[in-house]
Structures are given as C-alpha cells and as structure tokens.
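Structure, as structure tokens:
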Amino acid sequence: MKIKAALFDFDGVLVDTERLYNIFWAEMGKRHHIADPLFFKAVKGSTIEGIISKFFADRTEEEKRQITFESNNYDVNMDFPPMPGSLEFVRMLKEHHVPTALVTSSCNAKLSQAFKQLPIKGLFDTIVSADRITQGKPDPMCYLLAAKDLKYAPSDCLVFEDSFAGIEAGNRAGMNVIALSTTNTEEELKGKAYKIVPNLKGLSFDDYLKWCL
C-alpha cells in the first residue's frame, strides 16, 4: 500500500479562526449592504480576490480597495489558536515520513504571522498560498499544484478541509477529502466527502492508513 500525501487547509482545519472570520465578514456584509444574512458563510474558503469579484464586482474601485485593505489588515493582526489535536496530528504524520502540504486561500503575509505564533516550522514539505494561484477554491488549482510540488498523483493525496469550497476543490482535483465538521455540521457535510471527522484530535496513524486504502 502506498501511503498517501496529506494536504491540509489552514483556517478551520489547523487553526480555530473561522469563528473570528464569521464576526468580521458578518460586520463587513452589514456595512457594505450585502443582502444575504449568511454572507459570512458564503465567503469561506475564498481568497480576497475571489470575494471581491463574486460579491463586490459592482462596487467602486475605492470601495474594493478599502475592503481588501481591511481584510488583509485583519489577517495579519489576528491570533491563530490551533484546533484541537491539529498540529500534533501533522507532527505524527511527519514522524512517519508522510509528505505534507499546507494549501490555503490565505496570503503569505498572514502565514508569516501565523508561523511566528505557532510551532509549525518544518511541518510542511510545500506551501500553496493565495500568492501562488490565479484561481481560488473551489477551483482545484491549489490542490493540483501541491500534488505537483510533492511529485504525487492527485489520486495519491488526501485532503483535509472544512469549507464547502475547499471540499469541492479537493474533490475536483481527484483526491479523497477528509472533512472536518468544525465549520459546517456533520449533517451538512454528508455526501460531500470521503470521510467526516469532528477534528484531528486523538486520531492515530492507523486511522490515517485506513484512509489510504
């Protein structure tokens, strides 16, 4: 059996930041008169460029610049509390020589701040951030690029995701997706992923091997 590479999303998978983004984007939606009350959920997994093009395409360039500035400023000044068991799980995989990748819609500036706060240096063999892609999730570009970096076929990769956009990106890349019910409920995730888990806490290497079958 070939052990599959592990590709991890960041927010909602490795760090408990989605609740903070809920507050931020709900406020932005109100301030910029977005009618959808669930706007804060619709943006999950998207790059700021994707959010602007999808939800603010009709706004002035000045308004777009202001939204981008506020989003980027929020990113680099926030805290990054780890999700339960997340970093321990990645560290365990590395100890078993599993190739790993961080695949996120976040920009390099945000990741730089996160790496200062968290003990994650050396945990990933490659990083695909928003700065390396031209098409954000749910487009599979980010996951396909990570597989290429690791020299693994897409079918030999496992994706760990929490958002609908991220799960779709992993599926469209031809990878099995392990969905974490940290952002969406288990009921909402049913039928969208290979497996559903509450989070990465307490998972063993044997659990990982079962997913590689």
Side-chain angles (χ1 to χ4, degrees), residues 3-24 44-45 47 74-132 137 142-143 145-147 149-150 152 156-163 165-167 169-170 173 175-186 189 193-212:
I3 297 178
K4 295 189 175 186
L7 281 50
F8 293 90
D9 176 45
F10 190 58
D11 297 288
V13 173
L14 299 181
V15 291
D16 188 13
T17 49
E18 289 296 359
R19 57 191 173 83
L20 303 176
Y21 281 117
N22 287 349
I23 297 169
F24 175 79
K44 291 187 181 300
T47 62
Y74 188 78
D75 280 348
V76 299
N77 287 288
M78 68 190 304
D79 292 324
F80 300 94
M83 292 294 293
S86 60
L87 302 185
E88 293 84 355
F89 182 73
V90 181
R91 194 170 291 112
M92 177 190 67
L93 295 186
K94 290 304 297 175
E95 290 170 355
H96 286 86
H97 310 292
V98 175
T100 57
L102 180 60
V103 185
T104 174
S105 299
S106 301
C107 64
N108 287 342
K110 173 184 170 180
L111 292 180
S112 177
Q113 292 301 314
F115 271 63
K116 291 177 182 177
Q117 291 187 31
L118 299 168
I120 53 180
K121 186 178 180 180
L123 288 186
F124 300 101
D125 299 302
T126 189
I127 297 174
V128 177
S129 68
D131 299 78
R132 292 188 62 193
K137 302 171 185 177
C142 55
Y143 282 115
L145 181 55
D149 286 350
L150 297 174
Y152 264 62
D156 289 328
C157 297
L158 280 177
V159 168
F160 292 84
E161 267 286 0
D162 66 305
S163 70
I167 292 168
M175 304 172 181
N176 282 344
V177 179
I178 310 299
L180 281 68
S181 57
T182 53
T183 300
N184 300 289
T185 66
E186 181 178 353
L189 295 170
Y194 176 64
K195 296 289 182 183
I196 302 172
V197 297
N199 52 46
L200 300 176
K201 185 178 182 179
L203 293 173
S204 67
F205 189 58
D206 284 339
D207 292 320
Y208 188 80
L209 292 178
K210 291 175 185 176
W211 298 332
C212 293

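Remember, predicted model here, so these are calculated numbers, not experimental data. What you see below is based on every heavy atom in this structure, not just the backbone, and it leaves out hydrogens, waters and symmetry mates.
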If every non-hydrogen atom of [X] is compared with every non-hydrogen atom of [Y], which pair is closest and at what distance?
X: L118; Y: P82; answer: CD2-CD, 4.0 Å
X: E186; Y: S181; answer: N-CB, 3.8 Å
X: R132; Y: T126; answer: NH1-OG1, 3.7 Å
X: I167; Y: D162; answer: CD1-O, 4.2 Å
X: C107; Y: D131; answer: CA-OD1, 3.2 Å
X: D9; Y: L14; answer: O-CG, 3.5 Å

Any side-chain heavy-atom pair of [X] and [Y] under 4.5 Å:
X: P99; Y: Y152; value: yes
X: N77; Y: Q113; value: no
X: I120; Y: V90; value: no
X: T182; Y: M83; value: yes

Taking [X] for the side chain and [Y] for the main chain, is one N or O donor matched with an acceptor at less than 3.5 Å?
X: T17; Y: L20; result: no
X: Y208; Y: K4; result: yes
X: Q117; Y: F80; result: yes

Practice task
Output every pair passing salt bridge (Lys or Arg N to Asp or Glu O under 4.0 Å) with a member in residues 79-91, not counting sequence neighbours, ordered by first then second residue.
Solution key: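 As it turns out, there is no salt bridge (Lys or Arg N to Asp or Glu O under 4.0 Å) pair with a partner in residues 79-91 once direct neighbours are skipped.
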Atom pair [atom1] ([X]) and [atom2] ([Y]), whose distance is rounded to the nearest 0.5 Å:
X: L180; Y: L189; atom1: CG; atom2: CG; result: 9.0 Å
X: T104; Y: L7; atom1: OG1; atom2: CG; result: 12.5 Å
X: L158; Y: I3; atom1: CG; atom2: CD1; result: 11.0 Å
X: F89; Y: F8; atom1: CZ; atom2: CZ; result: 5.0 Å
X: N22; Y: T183; atom1: CG; atom2: OG1; result: 7.5 Å
X: K110; Y: F10; atom1: NZ; atom2: CZ; result: 6.0 Å

Exercise for the section: Say whether D11 and S106, considering side chains only, have a donor N or O and an acceptor N or O under 3.5 Å apart. Expected result: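 Distance-only check passes for D11 and S106.
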Acceptor/donor pairs from residues 193-203 side chains to any protein atom, 3.5 angstrom cut, sequence neighbours excluded:
unit_1	atom_1	unit_2	atom_2	d
N199	OD1	K201	N	3.0

Exercise for the section: Carefully, step by step, assess L102 and F115 under the rule side chain to side chain contact (heavy atoms under 4.5 Å, CB included). Expected result: CA-CA 12 Å; L102 180 60; F115 271 63; 4.2 Å; yes
